Colleague: 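The structure is given below, and queries will be raised subsequently.
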Protein chains: 2
Amino acid sequence: MNVRTFCLGILALGDATGYEIRKMVSQGPFSFFSEASFGSIYPALARLTEEGLVECREEAQSKRPDKKIYRLTSAGRAALEAALQNDPGPDRTRSDFLAALLFAECVAPERIPAMVASRIAQHRTQIAALEEIADDPDLSPAARFVIEYGLQSLKAARDYLESHADGLARELAGARPAAE
Amino acid sequence: MNVRTFCLGILALGDATGYEIRKMVSQGPFSFFSEASFGSIYPALARLTEEGLVECREEAQSKRPDKKIYRLTSAGRAALEAALQNDPGPDRTRSDFLAALLFAECVAPERIPAMVASRIAQHRTQIAALEEIADDPDLSPAARFVIEYGLQSLKAARDYLESHADGLARELAGARPAAE
DNA sequence: AATTACATGTAATCCGTTACATGATTGA
DNA sequence: TCAATCATGTAACGGATTACATGTAATT
């Protein structure tokens, strides 16, 4: 699913500006499984408009660029529906953290405990952010489902780190000691 | 972390050919948090060789292209170590499945139960594959840690889907019924 | 005084995938 | 006989990021 389809989908949930779409993918309920920058969103919306899949009404603002509020057209809705026909490919997680852990064992094992600790902190922050979003009583059933799904995986990851970090540190120290 | 650094890291774990690196990222213990194709690996190795970060010995094979076995040089090891200094960015999961769920609610809610069911099956397969890798008694501590980490998150996700799929289906049916 | 939020957009660039090109061997 | 595994590589193309460009207003 590319940015194009993503915009279509977000607009299916409600009208929005490019700026708002960006906020949703980078902070909102979408943030933990997607990402997109202005540099891809604005051009996508422009093309979508040309193609008649979305339409745009402009709202004047003093001292700011006009707000362009996009809305899905019926052609856009059909295109989205079509895109949702083929079943989604597998989730792809890219984790520099896990890669770094694996590589660090060979090259800089002393850094591992700090890396793990810092990651635990990051996880907690991310979980707190998601939980805040989950508090919103107006979430649709699917949105709540998606957020809970993310929360469960995230918590499992955090718990794993919390309960196995020391074990790893010990094993690492044990293998190549200066120890006792 | 780009393919370049990834190659460096994998070679830190042991000498390998481009073909083997590709196998590791697409099937081995790396598969669940990384991906890279031949089209990026081979050029990366070529450039790394030019730069003296890896070196390559060729092994003749009858009726096949010569095998090029790459090994990390000390410069390469230093470069990898440097790359591992800055702490890894956040994990980025891109899930077309979750996006599709969210969007489908608006546009094709009837597809949701099938999507969830198919995803449960995919999760089971992936978990089984990872468990097989985890069986290998020769895994290094960090490798085992990484795999277990993945396994825990994956299982949490699977469990969530298994136990909440019906609930979602019911809510969806309830909201816009033709029901009773 | 500085940073963040609001608001849109373009251009240069990077990074990677897909498809192409070649070809033997082994197992189903 | 057909697919998969082994083995390397290039070229076209796509997709997205980063940095650039511009500017106000509110908050810290």
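Order of the sequence lines sets the chain letters (A, B, ...), proteins ahead of strands, with each chain counted from 1. Note that the coordinates shown come from a computational prediction; the quantities given were computed from them, not determined experimentally.
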Colleague: Is the phosphate of C:dC6, meaning OP1 or OP2, less than 4.0 Å from a side-chain N or O of A:Gln61?
Modeller: no

Colleague: Over how many whole Å does the gap from B:Ile41 atom CD1 to C:dT17 atom P extend?
Modeller: 8 Å

Colleague: Which nucleotide in the list D:dG9, D:dT5, C:dA5 gets nearest to the side chain of A:Tyr19?
Modeller: C:dA5

Colleague: Do the side chains of B:Arg47 and B:Glu51 get close enough for a salt bridge, i.e. N-O under 4.0 angstrom?
Modeller: yes

Colleague: So, taking the atom named CZ in B:Arg71 and the one named SG in B:Cys56, what distance separates them when rounded to the nearest 0.5 Å?
Modeller: 11.0 Å

Colleague: Of the nucleotides C:dT8, D:dT17, D:dT10, which one has an atom closest to the side chain of B:Pro43?
Modeller: D:dT10

Colleague: I want to verify a distance call: between C:dA7, D:dA16, C:dC6, whose nearest atom is closest to the A:Lys23 side chain?
Modeller: C:dC6

Colleague: Round to a whole Å and report the spacing from CZ of B:Arg4 to P of C:dC14.
Modeller: 13 Å

Colleague: Roughly how many Å is it from CD in B:Glu35 to C1' in C:dT17, rounded to a whole number?
Modeller: 10 Å

Colleague: Check this for me: does any side-chain nitrogen of one of A:Arg111 and B:Glu81 sit under 4.0 Å from a carboxylate oxygen of the other?
Modeller: no

Colleague: Could you give the CZ-to-P distance, from A:Phe38 to C:dT4, as a whole number of Å?
Modeller: 15 Å

Colleague: If each of A:Lys67 and B:Met1 is mapped to the nucleotide of DNA chain C with the nearest heavy atom, which maps nearer the 5' terminus, i.e. the 5' end?
Modeller: A:Lys67

Colleague: Can you measure A:Leu45 atom CG to C:dG9 atom C1' for me and round it to whole angstrom units?
Modeller: 12 Å

Colleague: Round to the nearest Å and state the distance from B:Asp66 atom CG to D:dC6 atom P.
Modeller: 17 Å

Colleague: Of the nucleotides C:dT18, D:dT8, D:dG9, which has the atom closest to the B:Thr17 side chain?
Modeller: D:dT8

Colleague: Consider the side chain of B:Asn2, meaning its heavy atoms from C-beta on, and name the nucleotide among C:dC15, C:dG9, D:dT10 that approaches it most closely.
Modeller: C:dC15

Colleague: Round to the nearest Å and state the distance from B:Arg92 atom CZ to C:dG16 atom P.
Modeller: 10 Å

Colleague: Looking across every strand, which nucleic acid part, if any, lies under 4.0 Å from B:Ala46 by heavy atom: base, sugar-phosphate, or nothing?
Modeller: nothing

Colleague: Nearest heavy atom decides the nucleotide; on that basis, is B:Arg94 or B:Ile69 closer to the 5' end of DNA chain D?
Modeller: B:Ile69

Colleague: Nearest 0.5 Å, what's the CD-NZ distance between B:Gln126 and B:Lys155?
Modeller: 13.0 Å

Colleague: Specify the separation, in whole Å, of atom CZ of B:Arg57 and atom C1' of D:dA7.
Modeller: 16 Å

Colleague: Looking only at side-chain atoms of A:Ser40, point me to the closest of D:dT8, D:dT17, C:dG16.
Modeller: D:dT17

Colleague: Measuring from the side chain of B:Tyr42 (C-beta onward, heavy atoms only), which nucleotide among C:dT10, C:dT17, D:dT10 has the closest atom?
Modeller: D:dT10

Colleague: I need the A:Thr93 OG1 to A:Leu98 CG distance, nearest 0.5 Å.
Modeller: 9.0 Å

